[in-house]
Amino acid sequence: MKILIVEDDSYFAQRLKEFLEDRGFETKLAKTLEDAVSVPHGEFEAVFSDVMLPNDSAKSGISDEETRSGFLSGVALFRLFRKRGLKVP
C-alpha cells in the first residue's frame, strides 16, 4: 500500500515515514498543500495529513477561505481529493 504523508514538520514527517516504511508501506512525502495537490491521481491509497498546513492559494487552487486561514488546510485538502473522485479513507 502506498501512503501519502502531508506534513510540514520535517522531524515528525520523517519519523512517520520511517515508521510506516519499517512496516512495509511505500510512502510519498508532501510538505505543503501545493505538493499534495500535485501528486498524480491513483498514486496513493491512503493519506496521513496534518490539519494546519502552509498554503499558497494561487498554486494549490485551495482558497484561504476554504482553509479557514490555514487552520483547516488538511480538511480542505480532503475535500479537494473527494471532488476529484479519489476515494481516500
Side-chain angles (χ1 to χ4, degrees):
M1 175 185 281
K2 189 152 186 182
I3 300 173
L4 176 63
I5 301 169
V6 188
E7 174 59 63
D8 60 327
D9 181 309
S10 296
Y11 178 81
F12 183 72
Q14 189 59 38
R15 297 296 77 75
L16 181 56
K17 180 177 174 58
E18 289 171 6
F19 177 84
L20 292 169
E21 289 177 352
D22 286 349
R23 282 148 184 81
F25 296 99
E26 290 182 59
T27 63
K28 178 160 184 89
L29 198 53
K31 292 188 177 197
T32 65
L33 287 182
E34 301 87 61
D35 293 342
V37 168
S38 69
V39 174
H41 296 220
E43 192 171 307
F44 54 90
E45 300 168 76
V47 178
F48 279 97
S49 179
D50 190 350
V51 176
M52 294 175 61
L53 294 159
N55 179 39
D56 181 340
S57 58
K59 292 180 182 176
S60 71
I62 300 174
S63 72
D64 285 338
E65 183 178 276
E66 288 177 282
T67 66
R68 306 302 189 262
S69 298
F71 289 101
L72 294 175
S73 303
V75 175
L77 177 64
F78 278 90
R79 283 190 195 122
L80 178 65
F81 285 162
R82 296 191 112 198
K83 277 185 196 175
R84 291 182 173 178
L86 298 174
K87 294 181 180 180
V88 179

Would you confirm whether the ring centroid of Phe25 sits within less than 6.0 angstrom of the ring centroid of Phe44?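 Centroid distance Phe44-Phe25: not below 6.0 Å, so no.
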Would you mind telling me which of Thr32, Val37, Leu33, Val39 makes a side chain to side chain contact (heavy atoms under 4.5 Å, CB included) with Asp35?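 Exactly one option meets the side chain to side chain contact (heavy atoms under 4.5 Å, CB included) with Asp35, and it is Thr32.
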Does NZ in Lys31 sit with more than 12 non-hydrogen atoms of other residues, nucleotides or ligands closer than 6.0 Å?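 No, the 6.0 Å shell around NZ holds no more than 12 heavy atoms from other groups.
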Geometric cation-pi criterion Arg15 and Phe19, 6.0 Å radius, 45° cone: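 So Arg15 doesn't make the cation-pi contact.
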For Leu16, what residues pass the side chain to side chain contact (heavy atoms under 4.5 Å, CB included) criterion, not counting sequence neighbours? Ile5, Phe12, Leu20, Phe48
Which pairs pass salt bridge (charged side-chain N to carboxylate O under 4.0 Å, His left out) with one or both residues in residues 49-77, sequence neighbours excluded?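 The answer is none; no pair qualifies.
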For Lys28 and Glu43, which heavy atoms make the closest approach, and how far apart are they?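 Answer, listing the atom of Lys28 first, then Glu43: CD-OE2, 3.1 Å.
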Which atom pair, heavy atoms only, marks the closest approach of Ser57 to Ser63? CB-CA, 4.0 Å
For Thr27 and Lys2, test the side chains for any donor-to-acceptor distance below 3.5 angstrom and give the result as yes or no.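 The answer is no; no qualifying pair exists.
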Passes side chain to side chain contact (heavy atoms under 4.5 Å, CB included), Met52 versus Asp8? Steps please. CA-CA 9 Å; Met52 294 175 61; Asp8 60 327; over 6 Å; no
Could you pull out all donor-acceptor pairs under 3.5 Å where a side-chain atom in residues 70-79 meets a protein atom, sequence neighbours excluded?
unit_1: Ser73; atom_1: OG; unit_2: Leu53; atom_2: O; d: 3.0
unit_1: Ser73; atom_1: OG; unit_2: Gly70; atom_2: O; d: 3.2

Drop me the distance from Glu7's CD to Gln14's CD, to the nearest 0.5 angstrom.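 Going from CD on Glu7 over to CD on Gln14, the span is 12.0 Å.
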Using a 4.5 Å cut-off on heavy atoms from C-beta on, say whether the side chain of Glu21 contacts that of Glu26.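 Side-chain contact under 4.5 Å: no.
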